[in-house]
Amino acid sequence: MTTTTTSAPVIRAESVHKSFGRTEVLKGIDLTVSPGEVMCLVGPSGSGKSTFLRCINHLETIDRGRLYVRDELVGYEERDGKLHELSEKAVARRRQGIGMVFQRFNLFPHMTALENVTEAPVQVRREPKEKARARGVELLDRVGLADKKGSYPAQLSGGQQQRVAIARALAMEPELMLFDEPTSALDPELVGEVLEVMRALAEDGMTMVVVTHEMGFAREVGDSLVFMDDGVVVETGRPADVLGAPRHERTRAFLSKVL
Amino acid sequence: MSQTLAQADRGSAAETLTAVPLRRPGLRVAAVVVLFLLVFLLEGWITNPRMQWGTVGEFLFSPVIMEGLRTTLLLTVLAMALGIVGGVVLAILRMSKNPILSQLSWCYIWVFRGTPLLVQLLFWYFLSAVVPTVGLGIPWGPTFVQAETNTLITQLTAAVLGLGLHEAAYMAEIVRAGITSVDDGQNEAAQALGMSRGQTLRRIVLPQALRIIIPPTGNQAISMLKTTSLVFAIAVPELLTSIQGIYSRNFQQVPLLVVACFWYLVATSVLNVGQFYLERRFGRGAGRGLPPTPLQRLRAAARNHREETAR
Ligand SMILES: Nc1ncnc2c1ncn2[C@@H]1O[C@H](COP(=O)(O)OP(=O)(O)O)[C@@H](O)[C@H]1O
Ligand SMILES: [Mg+2]
């Protein structure tokens with residue numbers, strides 16, 4: 001990570017609340033993510049990890065609190081002491097700087113690997129097709145799939161699909177990448193190749209928030225680890241510290257199950 | 001030692017054994033009986049002197065009937081086009097978050113599916129009786145252009161409106177089923193990339209929905225081709241109307257109806273072929289491969305045959 005960029009946080013969450021109907025899923029989340037930081041988000045199923053991740057790029061609205069990405073409120077604008085939801089266009093523009101990788105890949109099945117990667121640059125950023133293709137091939141090469149550019153997702157293994165999905169997100173040149181359990185839908189022998197790509201990305205200085213159950217990855221690649229339970233952040237710290245010597249009972253109980 | 005030899009023996013015998021499928025003699029007998037009956041009926045039909053095959057041949061390519069066929073095809077294309085566009089719009093309205101829009105779409109479908117097509121056709125045809133002029137302007141304000149309904153709604157436009165608006169109600173349900181079949185993750189992935197709702201619908205959701213939408217739409221088109229014959233009620237000179245016009249003069253009903261069936265069959269067959277290729281085109285990425293076209297299958301069969309004879 002170069003130190004020339006400002007050290008202002010990429011993500012700043014202040015008391016983020018979110019309810020689905022009557023159930024409060026996020027009960028006041030506070031955290032910051034610095035440039036180049038790899039933050040791993042762990043916690044039991046249903047603790048609100050995905051919901052928080054989706055709030056970051058406004059796939060979900062928030063009810064209370066503030067969520068900034070690069071000093072801009074996600075999906076909102078503050079005017080006269082109130083939060084006003086932004087127009088669809090403004091939200092879309094802000095989302096371009098945030099890449100997202102899903103548990104179930106969500107590749108576009110009617111497009112080849114390369115078309116998946118070039119779709120957003122061509123449609124959203126109006127890049128010339130030739131330029132987008134050249135960069136698309138480069139990105140597929142970066143995730144080790146240059147020879148698969150003409151394949152449709154159904155012709156690829158889960159691990160290959162997830163790597164295409166990572167290349168697709170990178171095509172928009174995001175400054176922040178969100179991963180929601182990127183290896184949970186994969187056969188065990190395919191997990192490694194995806195984690196390898198993510199590790200390389202982290203080494204290149206990408207700011208990343210990774211929801212994961214891969215504690216080995218968290219320990220080796222993560223800069224910080226956040227343990228969430230029941231809609232609150234229970235414990236934050238360096239991965240080795242939290243994993244090695246959890247301070248809270250709930251963290252201990254969870255880790256004893258997954259480690 | 002002898003035991004292993006016997007085993008080896010059995011092994012090689014197993015290699016040369018051929019599997020004989022279960023024989024079903026009853027099925028064969030039934031097939032022969034049905035075929036015999038069919039030939040008997042066809043023979044009687046074809047050799048029946050009252051069938052007037054000469055008349056069939058005489059009118060098969062007659063200009064009036066060709067003109068009727070052209071009108072039938074034109075009606076089918078226009079009505080389906082209106083139906084598909086209308087169906088997409090209705091489906092999108094129906095799924096809108098705005099309750100008024102979705103209710104409006106629901107009401108449209110309710111009315112147009114709930115009343116007979118023939119009634120709707122007559123309704124459009126006689127519209128001029130109720131609304132003699134139509135104009136473009138500000139409601140309750142000035143009118144800028146005005147036209148006689150009679151000149152605007154000709155028989156043909158009444159037919160296209162009647163068939164197309166009725167079709168739109170059915171297509172709306174088909175399109176909606178297609179759109180809802182697309183996984184929600186697709187929407188999210190597109191939005192996460194910064195695509196707008198319109199782009200997402202056009203580039204991501206609709207192309208995938210088409211795979212679900214096309215087969216029933218093909219059925220609708222084939223059904224529409226035949227349904228156009230209903231417009232004889234408002235005297236549009238399509239295929240059946242022309243046929244009726246002829247047999248009302250020469251009283252050769254059956255031969256002329258055979259001519260009609262012939263052309264309807266030809267047209268639906270063409271549509272069937274078109275549907276096959278459309279489904280193939282939009283099935284891209286759905287499975288690990290595409291089904292072969294008949295031409296490809298023919299080539300493969302020829303190749304197999306060559307290889308076998310070469311051996
Ligand atoms: N769209 C939704 N509507 C209603 N409830 C939801 C929705 N999404 C998530 N939830 C609920 O919110 C809680 C947190 O879910 P989630 O953020 O997916 O947890 P995690 O990713 O940590 O497993 C769960 O109880 C889940 O059932
Ligand atoms: Mg989750």
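What you see below is based on every heavy atom in this structure, not just the backbone, and it leaves out hydrogens, waters and symmetry mates. Below, chains carry the letters A, B, ... as their sequence lines are ordered, and counting in each starts from 1.
Ranked by heavy-atom pairs under 4.5 Å with chain B, the first of R168(A), R125(A), Q96(A) is R168(A). Taking chain B as the reference chain and counting heavy-atom pairs below 4.5 Å, the highest number among P174(A), S151(A), A92(A) is found for A92(A).
At most 12 non-hydrogen atoms from other residues, nucleotides or ligands lie less than 6.0 angstrom from CD1 of I100(B).
Residue contact with chain A, scored on non-hydrogen atoms closer than 4.5 Å, involves the backbone and the side chain of Q186(B) alike. Of the atoms belonging to R54(A), it is side-chain heavy atoms, and not backbone ones, that fall under 4.5 Å from chain B.
When every heavy atom of L193(B) is checked against every heavy atom of A120(A), the shortest pair comes out as CB-CB, 3.9 Å. When all heavy atoms are compared, the tightest approach of Q208(B) to P109(A) is OE1-CG, 3.2 Å.
Separating the NE2 atom in H110(A) from the CZ atom in R203(B) is a distance of 7.0 Å, to the nearest 0.5 Å. Distance check, rounded to the nearest 0.5 Å: NE2 of H58(A) to CD of Q191(B) gives 10.0 Å. Interatomic distance, OG of S196(B) versus NZ of K89(A), reported as 8.5 Å (0.5 Å rounding).
Counting only distance, with no hydrogens or angles, the side chain of Q123(A) and the backbone of Q199(B) share no donor-acceptor pair below 3.5 Å.
Within residues 97-108 of chain A, the residues that have a heavy atom under 4.5 Å from a heavy atom of chain B are I98(A), M100(A), F102(A), N106(A), L107(A), F108(A), listed by number.
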